[in-house]
There are 2 protein chains.
Amino acid sequence: MPGAYESIEKRTELVRAASGLLHEQGFQRTTLAHVAARAEVPLGNVYYYFKTKDALAEAVITAHETGLRELFASWVAAHREPRQRLRCLVRAPLDSADHVVQFGCPHGSLCQELEKLGADAPLAKAGARLLAVYIEWSEDQFRAHGCGKRESRALATDLVAAVQGTMLIAHTMRSHELLTQQLRRVERWLDETLSSPRPRSRS
Amino acid sequence: MPGAYESIEKRTELVRAASGLLHEQGFQRTTLAHVAARAEVPLGNVYYYFKTKDALAEAVITAHETGLRELFASWVAAHREPRQRLRCLVRAPLDSADHVVQFGCPHGSLCQELEKLGADAPLAKAGARLLAVYIEWSEDQFRAHGCGKRESRALATDLVAAVQGTMLIAHTMRSHELLTQQLRRVERWLDETLSSPRPRSRS
DNA sequence: GTCTATAAATTGATAGAC
DNA sequence: GTCTATCAATTTATAGAC
């Protein structure tokens with residue numbers, strides 16, 4: 001019975017290998033030969049599971065998307081207060097601080113690179129979904145906290161922009177300290193924002 | 001006398017062409033053939049001016065660096081108040097809003113891509129200098145405003161992270177409106193931050 | 001200094017045996 | 001389903017005529 005199961009395991013292993021390499025080296029620099037080697041699968045076999053390199057990258061993004069949604073759902077399950085949930089988002093990069101400092105945000109950097117393929121490229125659209133997941137979930141939490149619809153959207157964008165920008169800078173400077181300290185500042189901003197009595201956009 | 005001048009003009013033209021293509025397509029996807037075509041220079045001639053593709057990219061980054069410093073200097077010359085100067089930084093993306101929405105930040109996206117070459121790659125280090133120029137200049141302005149040394153560094157990082165994150169999201173979403181509105185919010189944050197009576201880090 | 005032709009290496013993708 | 005061998009295209013870089 002190994003046969004039937006090995007195929008889905010190999011597929012999964014290919015996606016895992018590709019996911020890591022896309023984070024470490026980016027899409028363009030990652031070759032299918034390298035992915036195959038890391039997954040311990042012969043090069044030619046890759047094409048049995050994925051018709052093209054793009055298809056493999058899309059599978060990686062889909063896996064990221066699923067993983068993100070599960071992670072977000074776990075925060076919702078763990079905390080009743082939206083403020084606590086959003087804090088999880090801000091602190092999340094610290095859980096993989098080493099990777100973030102060394103390679104940047106696995107979603108943000110991938111998204112930025114894939115956008116260079118052109119606005120109408122399927123992969124670019126797939127990458128954009130990753131950022132959308134971040135923003136939409138954050139928006140939901142601000143709504144749940146009691147913020148207005150437009151304000152929630154704007155706050156969510158503020159938050160994701162701050163976290164993404166922080167990861168970009170901390171990665172570029174290769175600084176754990178910068179990542180930690182700046183994320184703490186984002187968290188403070190978040191606390192102050194959610195504490196102020198129902199911000200009415202027109203202050 | 002054309003001879004002597006044409007050579008430096010061609011060099012400049014190659015850098016200009018490469019600069020545009022690096023912004024539009026990224027480093028990896030930009031071929032020297034494409035650069036040569038846009039600069040209206042035969043492919044083989046590129047190597048007379050630049051030993052390698054990397055050398056051309058470094059010239060582009062150096063040009064960006066020079067341009068940034070000149071731009072920042074012009075803001076210093078135009079405004080006596082650091083607050084006004086920093087406002088220029090926040091509003092700058094609006095001057096080329098179309099390009100930013102379509103291709104992202106020419107410095108941030110390049111920096112992010114080049115980091116994938118590895119921490120010790122010369123091009124990665126060159127790209128990192130671009131972000132450093134932003135942060136250091138901003139830091140100087142916060143200092144001039146009267147903020148403490150550590151606080152200025154942190155505020156500068158906050159600011160650049162917010163602007164970079166905003167450009168990433170606005171580009172990904174291809175939204176002029178998002179770019180405009182979120183930058184306005186960053187500006188409001190900047191105003192509030194600089195208005196509060198000398199933030200003492202320990203609030 | 002300028003340009004054409006081409007070498008050399010890489011890499012996405014396929015053919016076809018097993 | 002699995003794997004080897006290889007094609008075909010791309011692209012950096014060079015050789016060498018002018």
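Reminder, nothing fancy here: chain letters follow the sequence lines and each chain counts from 1. All of these numbers come straight from a predicted model, not from anything done at the bench.
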| request: Provide the closest heavy-atom pair for A/Pro93 versus A/Leu183 in the form atom of the first, atom of the second, distance. | output: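 Minimum heavy-atom contact is CB-CD1, 3.8 Å.
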
| Around atom NE2 of A/His99, are there more than 12 heavy atoms of other residues, nucleotides or ligands at under 6.0 Å? |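 It does not: A/His99 NE2 has 12 such atoms or fewer within range.
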
Distance-only check: which donor-acceptor pairs under 3.5 Å involve side-chain atoms of residues 115-130 of chain A, not counting sequence neighbours?
| residue | atom | partner | partner atom | Å |
| --- | --- | --- | --- | --- |
| A/Glu115 | OE1 | B/Arg174 | NH1 | 2.7 |
| A/Glu115 | OE1 | B/Arg174 | NH2 | 3.2 |
| A/Lys116 | NZ | B/His23 | O | 2.6 |
| A/Lys116 | NZ | B/Phe103 | O | 3.0 |
| A/Lys116 | NZ | B/Ser109 | OG | 3.1 |
| A/Arg129 | NE | A/Glu65 | OE1 | 3.0 |
| A/Arg129 | NE | A/Glu65 | OE2 | 3.4 |
| A/Arg129 | NH2 | A/Glu65 | OE1 | 2.9 |

| task | Could you go through the ring-ring contact (aromatic ring centres under 6.0 Å, His included) check for A/Trp137 and A/Trp75 one step at a time? | result | CA-CA 11 Å; A/Trp137 181 81; A/Trp75 295 339; 5.7 Å; yes

| message | If you compare every side-chain N and O of A/Tyr49 against the phosphate oxygens of D/dT2 (OP1, OP2), does one of them come in below 4.0 Å? | response |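 Indeed, a polar side-chain atom of A/Tyr49 lies that close.
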
| Is the distance from OP1 or OP2 of D/dG1 to the nearest side-chain N or O of A/Tyr48 less than 4.0 Å? |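 A/Tyr48 to D/dG1 OP1/OP2: side-chain N or O found under 4.0 Å.
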
| Sequence-aligned protein contact record of nucleotides 3-18 of chain C, with B where the base is within under 4.0 Å of a protein heavy atom and S where only the sugar-phosphate is | SB------SSBB----

| message | Under the criterion side-chain contact (heavy atoms from CB on, under 4.5 Å), I'd like the reasoning laid out for B/Gln182 against B/Ile169: C-alpha separation, chi angles, the key distance, then a yes or no. | response | CA-CA 10 Å; B/Gln182 292 297 127; B/Ile169 295 174; over 6 Å; no

| For atom CG of B/Leu21 and atom P of D/dT11, their distance in whole Å |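 From B/Leu21 CG to D/dT11 P: 13 Å.
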
